[in-house]
*Asks:* 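Would you mind keeping the following structure in view while I ask a few things?
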There are 2 protein chains.
Amino acid sequence: MPAADDFSPLPAQGTDILAEVTAKEPIKTVTSAQIAEALDVDPTQVRKDFSAIGLVGIGRVGFDVCEVCRGIRVSLGFDQQFDAVLVGAGHLGGALLAYSGFASGFARYGLRVLAAFDNDERKIGRSVAGLTVRPTKGMSGFIRRHGIRLAIITVPAEIAQKTADRLVAAGVRALWNFAPTQLSVPQGVLVRNEHIAIGLAEIAYHLKA
Amino acid sequence: MPAADDFSPLPAQGTDILAEVTAKEPIKTVTSAQIAEALDVDPTQVRKDFSAIGLVGIGRVGFDVCEVCRGIRVSLGFDQQFDAVLVGAGHLGGALLAYSGFASGFARYGLRVLAAFDNDERKIGRSVAGLTVRPTKGMSGFIRRHGIRLAIITVPAEIAQKTADRLVAAGVRALWNFAPTQLSVPQGVLVRNEHIAIGLAEIAYHLKA
DNA sequence: TAGATTGTTAATCGATTAACAATC
DNA sequence: TAGATTGTTAATCGATTAACAATC
């Protein structure tokens, strides 16, 4: 099984695309050419990726839509339930919490946010998207008790590293970092940076030309 | 001048990294090896990228930190001011608006959000992060009057395409799409998708193993 | 069967890395 | 000068694409 990153042009959007393709008419199969056109990639790419995750098509017909959807979900790990905590209940944190509450949000990808933490007295005890904000004091204990392996970091950049250290010490294995700073973590811990400026750079370049 | 995407391992974080490197001691230069280590890439990569954007180093010494910072800012387009509108003043929209207000937020990258639009009567007229939410009715006119070329889309997925169509018709040249759906636009219009599920896939894969 | 699509091998392309002379 | 670092060329590596036999 290849890593999630290996499917260059077949991101999570894959399932979204398929939903659209199939919505138009009630077909049961889809060809690699159809998917390739919707994603604006090479058809060979699609067939190779599908082959890599064990999907087999039918000659002259294409691929079974249900199988493809399930295959993508499974290969990307969205079929499994993941519990997470969120640290930093500011604006962005609140937005992500709201997103996690809906069935069409994080839940769709198997992610469930169990608790939100903040060290701001004014935020502690408040309800954000159905979750009561807890003091960071009890964070490590909570993580250990629930065996949490994923943490979402939405704290200010200045305290992001300290936050990361505490989370890792408590046993977290993956950090989803929304703070605009580089985190250093021990080997084996994954950091996924969601750095807004990267997208902005692409846009700025396009508008400049 | 290469495209912003060409600097694979030198994203906008570059400037952040440099700030950290220089914060430790007041040096005036930095070597490609130092930068490479902080970014966890090959030193040659750094030198090539620097060369591509016209930065020249000093033998046995390294690169002038000020020049590097400025070079990166310019090559990524962050030295120019960009005006944008935001459509969809929900949770995520509000978070991005809040982010845009601070000097350390969007402003740092030259982005200024001039107005926020929403079609929800309950949101119209409200103040979000210092901006009064306007009705989408007046959106096209506002875009034309101010010559806006960039729009941030934070509406629900169901109305994202329709929103995009209106924006493009009004003259917008780039869409920053935070709605979890694929947008189709005319040639020449850039769509940058900020799809949360892509990051989640990487995390899910790591935790699965 | 005829024809369209898959599955895979081979070729191309680009990106990354290694090596090293030039430079300060 | 001696030594460390740049700047660039060449080699390697991987990813993308083209081609086509196998399949239904």
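Per chain, numbering begins at 1; letters A, B, ... match sequence-line order. Note that this is a predicted model, so its numbers are computed, not measured.
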*Asks:* If you check the B:Val56 side chain, which of D:dT6, D:dG7, C:dT5 turns out closest?
*Replies:* D:dG7
*Asks:* Return the nucleotide paired to C:dT23: Watson-Crick means purine N1 to pyrimidine N3 with N6-O4 or O6-N4, wobble means G-U with N1-O2 and O6-N3, both under 3.5 Å.
*Replies:* D:dA4
*Asks:* Are any side-chain N or O atoms of A:Gln161 and backbone N or O atoms of A:Ser184, one a donor and one an acceptor, separated by less than 3.5 Å?
*Replies:* yes
*Asks:* Ignoring backbone atoms, test whether A:Thr44 places a side-chain nitrogen or oxygen under 4.0 Å from the OP1 or OP2 oxygen of D:dT17.
*Replies:* no
*Asks:* Is any side-chain nitrogen or oxygen of A:Arg47 closer than 4.0 Å to OP1 or OP2 of C:dT6?
*Replies:* yes
*Asks:* Would you call the rings of A:Phe50 and A:Phe63 parallel, tilted or perpendicular, taking 30° and 60° as the class edges?
*Replies:* perpendicular
*Asks:* Which atom names give the shortest non-hydrogen contact between A:Ser32 and A:Arg47, and what distance separates them?
*Replies:* OG-NH1, 3.2 Å
*Asks:* Rounded to the Å, how far apart are B:Asp49 CG and D:dT6 C1'?
*Replies:* 15 Å
*Asks:* Nearest whole angstrom, please: distance from the P of D:dG14 to the CD of A:Gln45.
*Replies:* 16 Å
*Asks:* Using the benzene-type ring in the case of Trp, are the ring centres of A:Phe142 and A:Phe117 under 6.0 Å apart?
*Replies:* yes
*Asks:* Rounded to the Å, how far apart are B:Ile58 CD1 and C:dC24 P?
*Replies:* 10 Å
*Asks:* Over how many whole Å does the gap from A:Phe50 atom CZ to C:dT6 atom C1' extend?
*Replies:* 12 Å
*Asks:* Roughly how many Å is it from CG in B:Asp42 to P in C:dA18, rounded to a whole number?
*Replies:* 6 Å
*Asks:* Please determine whether a side-chain nitrogen or oxygen atom of A:Ser51 lies at a distance below 4.0 Å from atom OP1 or OP2 of C:dT8.
*Replies:* yes
*Asks:* Rounded to whole Å, how long is the line connecting atom NZ of B:Lys48 with atom P of C:dG14?
*Replies:* 13 Å
*Asks:* If pairing requires Watson-Crick or G-U wobble contacts with both distances under 3.5 Å, which nucleotide is the partner of C:dT9?
*Replies:* D:dA18
*Asks:* Give the nucleotide from the list D:dT17, C:dT16, C:dG7 with an atom nearest to the side chain of A:Phe63.
*Replies:* C:dG7
*Asks:* Short question: side chain of B:His146, backbone of B:Leu114 - any donor-acceptor pair under 3.5 Å?
*Replies:* no
*Asks:* Atom CG of B:Asp64 to atom P of D:dT5: distance rounded to whole Å?
*Replies:* 17 Å
*Asks:* Remember a base hit wins even if backbone is also touched, and classify B:Thr31 as base, sugar-phosphate or nothing at under 4.0 Å, heavy atoms.
*Replies:* sugar-phosphate
*Asks:* Send over the distance from A:Asp40 CG to D:dT17 P, rounded to a whole Å.
*Replies:* 10 Å
